[in-house]
Amino acid sequence: MNQSHPRVRHPGRAAQPSSKFLVRANNWAALRLAAFYGAAATIWLFAVYSLFGALVSQQQQVTMLYWSNAAQLVFCPLMVYVGNLLGRGQQAKADADHEALTHIALAADAILKLVSRPKERAQ
């Protein structure tokens with residue numbers, strides 16, 4: 001649709017990255033890592049890892065804490081990225097909604113114009 005309506009504004013589009021290959025590779029890797037991190041086996045491994053900390057010396061606990069923090073530094077931003085990646089489908093819906101709203105607003109304006117001047121149209 002090439003027409004626009006003065007009261008209907010599109011929210012805007014994010015800048016597109018320059019390399020489609022890198023974007024696809026990054027998205028593929030992020031989704032695979034998120035699937036691995038969110039798997040039940042990984043959750044059980046982290047649970048056992050945290051319980052194992054009670055059985056080791058304090059020096060070993062410091063090392064375990066280091067690796068636990070390192071995993072969080074990798075996986076927390078990954079979860080945010082994957083959440084945004086999965087939310088991109090909402091942009092397509094927003095575009096379709098915007099187009100439909102623009103079409104409805106233009107049609108309503110045309111109908112109001114016809115209804116407001118019935119005498120001119122009849123003559």
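As the structure is a computational prediction, the values presented were derived from the model and not from experiment. Heavy atoms only: backbone and side chains are in, while hydrogens, waters and symmetry mates are out.
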Shortest non-hydrogen contact from A34 toward V82: CB-CG2, 3.7 Å
Does the side chain of V74 reach to within under 4.5 Å of the side chain of Y37, using non-hydrogen atoms? no
Go through the structure and list residues passing side-chain hydrogen bond (donor to acceptor under 3.5 Å, both in side chains) with N84, not counting sequence neighbours. none
Between the CD atom in E99 and the CD1 atom in I104, the distance rounded to the nearest 0.5 Å is 11.0 Å
In this structure, would M79 and L86 fall into the same cluster of hydrophobic residues linked by side-chain contacts under 4.5 Å? yes
Worked check of side-chain contact (heavy atoms from CB on, under 4.5 Å) between L101 and D97: CA-CA 6 Å; L101 181 61; D97 289 348; over 6 Å; no
Given the rule in the salt bridge (Lys or Arg N to Asp or Glu O under 4.0 Å) test, do K113 and D109 qualify, once you have shown the distances and angles that lead to the verdict? CA-CA 6 Å; K113 187 184 278 187; D109 285 352; over 6 Å; no
Test item: S68 side-chain N/O and M64 main-chain N/O as donor-acceptor pair under 3.5 Å: no
List the residues meeting side-chain contact (heavy atoms from CB on, under 4.5 Å) with I43, not counting sequence neighbours, and say none if there are none. none
If Ile, Leu, Val, Met, Phe, Trp and Tyr residues are connected whenever their side-chain heavy atoms lie under 4.5 Å apart, and connections chain through other members, are W28 and L22 in the same group? no
Under 3.5 Å, is there a donor-acceptor pair between the side chain of S116 and the main chain of L112? yes
Out of L33, L31, L73, which residue meets the side chain to side chain contact (heavy atoms under 4.5 Å, CB included) rule with L78? L33
Apply side-chain contact (heavy atoms from CB on, under 4.5 Å) to residues Y49 and W44 and explain how you reach the verdict. CA-CA 8 Å; Y49 184 81; W44 280 107; over 6 Å; no
Distance, nearest 0.5 Å, that separates CD of Q91 from NE2 of H98: 10.5 Å
Nearest-0.5 Å distance, CZ of residue F75 to CZ of residue F46: 6.0 Å
On a heavy-atom basis, the closest approach of P77 and Q72 is CD-O, 3.9 Å
